[in-house]
Amino acid sequence: MAAGDPCRTHGLPTDYVVQHYMTQQQPALIHEWAVTPAEARRIQTRLAAKVSLADAYPALRRVAGVDVGFEDGGAVTRAALVLLSWPTLEPLEQVLVRHPTRFPYVPGLLSFRELPAVLDAFEQLSAVPDLVFCDGQGVAHPRRLGIAAHLGVLTGLACIGVGKSRLIGRHDAVGDRRGDCTPLWLDGARIGSVLRSRTGVRPLYVSPGHRVAQETAPQLVMQALTRFRLPEPIRAAHRLASAPAIARAAERSASRSPRS
DNA sequence: GCGACAG
DNA sequence: ATCTTGTCGC
């Protein structure tokens, strides 16, 4: 691969070494996506060793939000990526990529289903975000490599996983007021935080993906919140990824109350 | 063998 | 995630 080329992730043999996403610095391990569940789990265990749980991101100027949706009963994957200013959270740029879906949903292997399209979206973004908020878990995962951690290791970007529900781990009851937070544990180690992003809503499962510390992750999510349950970067990405569903909903309500 | 199980 | 209408609550 020539220096300067964006990182390509398809069709490469397992363990092929390429440059980090747009940074052209440390090489990163890129693997094949056409794998069996058993191979995927081995890849996760190997890549998990590359995750860093120490704060190591640039001064925050712009952040990104990632979310994925589906069309055609799952046949098509839609990856939405939105770039926003920080700390003002104003949308700056957005990218939507559609890919044929080629991996089933298997609990614990979500990244193998969604990341191919997400990585393509990153290649089309004109600027590199200083931090990424990703829908799903970070290291709060059976093998410590949820989609946010996987994305972080492959791109080298600082990432935070924000899950709407729990994949694994145990925790005490969370306070019911906005900002209340309690650690998420697995085998005696902290793997994330359970955060009440808004009073009266189900808590968020926040965990570092890469280059972010356990204590920092929930703080950054709090700073990315406005008045809703989900942090703004992810809300923006979700709106984009769910555009077809929203359009169909609007279509139905329009047919129920026709004008004229 | 029986649950649990991101999106 | 997606399919789907109305409905209970702040």
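Labels below follow one simple rule: chain letters A, B, ... track the order of the sequence lines, proteins then strands, and each chain is numbered from 1. Remember, it's a predicted structure, so these values are computed and weren't measured experimentally.
Taking atom CZ on R170(A) and atom P on dG3(B), their separation rounds to 18 Å, with Å as the unit. Protein atom CZ of R143(A) is 14 Å distant from nucleotide atom C1' of dA4(B), rounded to whole Å. Summarising the geometry, the separation between CG on L110(A) and C1' on dC5(B) is reported as 12 Å, rounded to the nearest angstrom. Nucleotide dA1(C) holds its P atom 12 Å from the CZ atom of R113(A), rounded to whole Å. Taking atom CG of L184(A) as the reference point, atom C1' of dC5(B) lies 14 Å away to the nearest angstrom. Atom-to-atom, CG of L186(A) to P of dA4(B) comes out at 17 Å; the value is rounded to the nearest Å. Here dG7(B) presents its C1' atom at 14 Å from CG of L204(A), a figure rounded to the nearest Å. In this structure, the NE2 atom of H238(A) is 13 Å from the C1' atom of dA6(B), given to the nearest Å.
Within residues 67-75 of chain A, the residues having any heavy atom under 4.0 Å from DNA chain C are, by residue number, G69(A), F70(A).
Here the side chains of R98(A) and E71(A) are in contact, with some heavy-atom distance below 4.5 Å. Looking at D120(A) and H99(A), their side chains come closer than 4.5 Å, going by heavy atoms from C-beta outward.
Residue K164(A) places at least one side-chain N or O under 4.0 Å from the OP1 or OP2 atom of dG7(B). The side chain of S165(A) contributes no N or O atom lying less than 4.0 Å from OP1 or OP2 of dC5(B). Residue R166(A) places no side-chain N or O under 4.0 Å from the OP1 or OP2 atom of dA6(B).
Looking only at atom types and distance, the side chain of D55(A) has a donor-acceptor partner in the side chain of T216(A) under 3.5 Å away. Between the side chains of T226(A) and E232(A), at least one donor-acceptor pair of N or O atoms lies under 3.5 Å. Looking at D135(A) and H238(A), their side chains never bring a donor and an acceptor atom within 3.5 Å of each other. Of the N and O atoms on the side chains of T77(A) and E114(A), not one donor lies less than 3.5 Å from an acceptor on the other residue.
As judged by a 4.0 angstrom heavy-atom cut-off over every strand, L145(A) is placed among residues making no nucleic acid contact. Backbone-only contact: G163(A) has heavy atoms under 4.0 Å from sugar-phosphate atoms and none from a base. Using a 4.0 Å heavy-atom cutoff across all strands shown, I168(A) reaches no nucleic acid atom at all.
Using a distance-only test at 3.5 Å, with no hydrogens or angles considered, a donor-acceptor pair links the side chain of S85(A) to the main chain of E90(A). A distance-only check finds a donor-acceptor pair linking the side chain of R229(A) to the backbone of R202(A) [under 3.5 Å]. No donor-acceptor distance shorter than 3.5 angstrom exists from the side chain of Q137(A) to the backbone of V162(A), with no hydrogens or angles considered. A donor-acceptor pair is defined here as one N or O able to donate and one able to accept, closer than 3.5 Å; no such pair exists between the side chain of S193(A) and the backbone of L195(A).
Stacking of Y105(A) onto the six-membered ring of dG7(B) is present: less than 5.5 angstrom between centres, less than 30° between planes.
Taking a pair as Watson-Crick or G-U wobble with both distances under 3.5 Å, DNA chain B forms no stem of 3 or more consecutive pairs.
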